[in-house]
Number of protein chains: 2
Amino acid sequence: MRSANSDSKKKHRATIKDVARASGLSSATVSRVLSGYEFVKDGTRSRVMEAVEQLGYVASLPARSLAGGRSRIIGLLVPNLDNGYVGTITQGIDKALSSANCDLVLYTSHRQPSKETYYVNAITNGITEGLLLIAPQFTSTYLAALRERDFPYVLIDQADPTGNSGVVEATNYQGAYEATRYLCKLGHTRIAFIAGALKVHSAAERLRGYKAALAECGIPSSKKLILDGDYQQQGGYEATKHVLSNVDPPPTAVFASNDISAFGAMDAAREHGFSIPDDISIVGFDDVPQTSLVYPKLTTVRQPLEQMGQAAAEMLLERIEDRSRPPQRITLATHLVVRDSCTPPKLQRGERRSPFTETGGSVLPTN
Amino acid sequence: MRSANSDSKKKHRATIKDVARASGLSSATVSRVLSGYEFVKDGTRSRVMEAVEQLGYVASLPARSLAGGRSRIIGLLVPNLDNGYVGTITQGIDKALSSANCDLVLYTSHRQPSKETYYVNAITNGITEGLLLIAPQFTSTYLAALRERDFPYVLIDQADPTGNSGVVEATNYQGAYEATRYLCKLGHTRIAFIAGALKVHSAAERLRGYKAALAECGIPSSKKLILDGDYQQQGGYEATKHVLSNVDPPPTAVFASNDISAFGAMDAAREHGFSIPDDISIVGFDDVPQTSLVYPKLTTVRQPLEQMGQAAAEMLLERIEDRSRPPQRITLATHLVVRDSCTPPKLQRGERRSPFTETGGSVLPTN
DNA sequence: CAGTGAATTGAAAGCGTTTACAATTTGATG
DNA sequence: CATCAAATTGTAAACGCTTTCAATTCACTG
């Protein structure tokens, strides 16, 4: 109604045929030029490019991928978006993908809580060439379907029990070990541990690291100090609340399986009248951006989230190029980042300072 | 190589023809059933559904959208992902989209810094049915291209100068006005303002609100107290650093155009030896999740980010359904959320407390 | 029981690419 | 100059779906 073009005809976007016509070639040749085929005359190539430029032509994604070409779209399955964790990883993914000229489709895993398989079906039947999964909980359901389709995917911060998947993770065991050891060396002997969702591989590894460090420092690990958690702030809060009111004497330090639950622990400690770090030391895991926003700044184990995202995206791209390549596993190093949330414990009546007092390990300078 | 199927043949995913064959109908009928066409016999419908179920059939997205069907994919153009701002909005978008059974393709705007138009071309030629833009800076370039294609889109937290776009935003002017007024009523008379990137509409509005409140409270606004900012933490830090060292007497309060730059202001204030809120009050804008993580908890103007995302997604969906619908504009209310970062100013020698002392306005209870 | 319009289904034409396959050119060789 | 392989381009067949168009079937009406 409101159009008043000279040519009339609703302006259709340019198709490959338009380019072919404009350059006096066949659409096959145009396609070849555009997909970088080798055997095209230079003159032809430039004629095509000129027409493309002039018409503002961009290939239709659906058509291209229907015809078997590459869609250059990668799927990303995330559990949520509200904390920096996923955002930071995604940043890395985006970096790698944008240099490979790929786009990202976001899937949130809460979406079809029941029928995961259907969901995976939907993803793999889409325009997506591959899938990145950030710390998925239901690996078994997903992975079976994915592999059955021979669909390229990479797990981020989660292991595949069968070991058949591409995986990018960090040294969870080692990181937890170092953090716990750090607390021991500060003189803490009652160190509570807030576990993550234990079906997630990283959570189990961190627990292992915690126990190992305790053992090495000659501190018996106590069931009462190992608390259930779920990687959420609320969970960290409740666990800490519980341990402070029910365990006597209370722990002098809390090692939370991730930063988010460490934030919850901080809340609970303060609510309990404890000041951080004077009355209780707190350590987190991940080093999400918020760690240096909280007060006091949180000492934590840095997981190179952005790099992990980047590495995973690159791995996926390689798998897409070469389907035969066997699944790799990349483990990136974690580092303890010492900030302001830890200090040696106050001595209670009758307590002696533990023999470990030097600091050690691969400790990064304060940030 | 490793397959051992009875039928052999690399297992192709089921197509519509397979379903047709399995149900003894034509693919046209299957298509009709699947797209909810009205005039299909109940018996037919159930035969189709059965076959679909049995084969685990999911329609191919590329094929469907090539053929003119709906792809149910929405594009989202974001400036970045590292702060909670975008994440929270996206959460809302995701909520609305998932109830409409749509997926999300993520585009980051830094990607093609030079040729935006090409970028828009690429987006609109893709599988995307519509586009959501979060606070885009280069509206003019984008919008022209978008409108020329008659491509449905909605702006979030950014206005279109020409007023031809669907827009979802918050009461920026009003929010800034209330926050400033709140500071005035606490007794502050030297209130610094850290501006946002002024090409973003919201930033300009917030500045307007600040000035208006000052005027109403009879406080002359001073150029020296209006600082350049860019909505980034670093910018807030530098602006505050600057104003504290170069303006005498220094401001007793800082109103930052968004939370992120308020965090920067907090850093700078502390670095300058000021304690918050005793020596200086600070107010932010947005109410990102981090606000209650920082110490002291930040008093801020809450922008209903999640709701904004949701509203925008819904608006876009409507526009897609009915292209003729004129562009709407939704403005959601902001509220001042009082936390711990503000207090009446300490009186300097010779100063009198300002006449405004009651609190007022639409103030939400502390959180 | 013929007639009529609605309900129901099928056949086949695209949608815009990619990609065998085939045809034509070109260049070098003998 | 004939010959052969390589280089270059075109033709046309998919890809898997939606959607006209037409055909068939139904349910009534008169």
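- In this structure, Lys17(B) and Asp42(A) both approach DNA chain D, and ranking their closest nucleotides by distance from the 5' end singles out Asp42(A).
- Atom CZ of Arg21(A) is separated from atom C1' of dT9(D) by 18 Å (rounded to the nearest Å).
- Nucleic acid contact for Ala28(B): base, since at least one base atom lies under 4.0 Å from a heavy atom of the residue.
- One atom, CG of Leu66(A), and another, C1' of dG14(C), lie 12 Å apart when rounded to the nearest Å.
- There is no side-chain donor-acceptor pair under 3.5 Å between Tyr85(A) and Asn80(A).
- The pair Arg147(A)-Asp160(A) meets the salt-bridge criterion, since a charged nitrogen lies less than 4.0 angstrom from a carboxylate oxygen.
- Mapping Gly68(B) and Lys41(A) onto DNA chain C by nearest heavy atom places Gly68(B) closer to the 5' end of the strand.
- Regarding contacts with the backbone of dG10(D), every side-chain N or O of Tyr37(A) stays at 4.0 angstrom or more from both OP1 and OP2.
- One atom, CD of Glu38(A), and another, P of dT19(C), lie 16 Å apart when rounded to the nearest Å.
- Taking only side-chain nitrogens and oxygens, Ser26(A) comes nearer than 4.0 Å to OP1 or OP2 of dG10(D).
- Comment: Arg70(B) engages Glu321(B) in a salt bridge, judged by a side-chain N to carboxylate O separation of less than 4.0 angstrom.
- Between Glu129(B) and Ile73(B) there is no side-chain heavy-atom pair separated by less than 4.5 Å.
- OP1 or OP2 of dT9(C) sits under 4.0 Å from a side-chain N or O of Thr44(B).
- Rounded to whole Å, atom P of dT25(C) lies 15 Å from atom CG of Leu25(A).
- For dG16(C), its base never sits under 3.5 Å from the side chain of Arg13(A) at any donor and acceptor pair.
- None of Val154(A), Leu132(A), Ile93(A), Asp103(A) except one satisfies the side chain to side chain contact (heavy atoms under 4.5 Å, CB included) rule with Ile74(A); the exception is Leu132(A).
- Rounded to whole Å, the distance from CG on Leu61(B) to P on dC15(D) is 18 Å.
- Distances shown here put every side-chain N or O of Ser60(A) at or beyond 4.0 Å from the OP1 or OP2 atom of dT17(C).
- Rounded to whole angstrom, the span from the CG atom of Leu34(B) across to the P atom of dT18(D) amounts to 7 Å.
- Whole-Å rounding puts the Ile16(B) CD1 to dG10(C) P distance at 12 Å.
- The pair Arg32(A)-Glu38(A) does not count as a salt bridge, with every side-chain nitrogen at least 4.0 angstrom from each carboxylate oxygen.
- Ranking dC21(D), dT8(D), dC15(D) by closeness to the Phe39(A) side chain, first place goes to dT8(D).
- Residue Thr15(A) is classed as a sugar-phosphate contact, given heavy-atom separations below 4.0 Å to backbone atoms only.
- When the nucleotides dT8(D), dC17(D), dT18(C) are ranked by their closest atom to the side chain of Arg64(A), dT18(C) comes out on top.
- The residue among Ala67(A) and Thr29(B) whose nearest nucleotide of DNA chain D lies closer to the 5′ end is Ala67(A).
- Atoms CZ (Arg32(B)) and C1' (dT9(C)) sit 6 Å apart, rounded to a whole Å.
- Side-chain atoms of Ala63(A) lie closest to dT17(C) of the nucleotides dT18(D), dT17(C), dC21(D).
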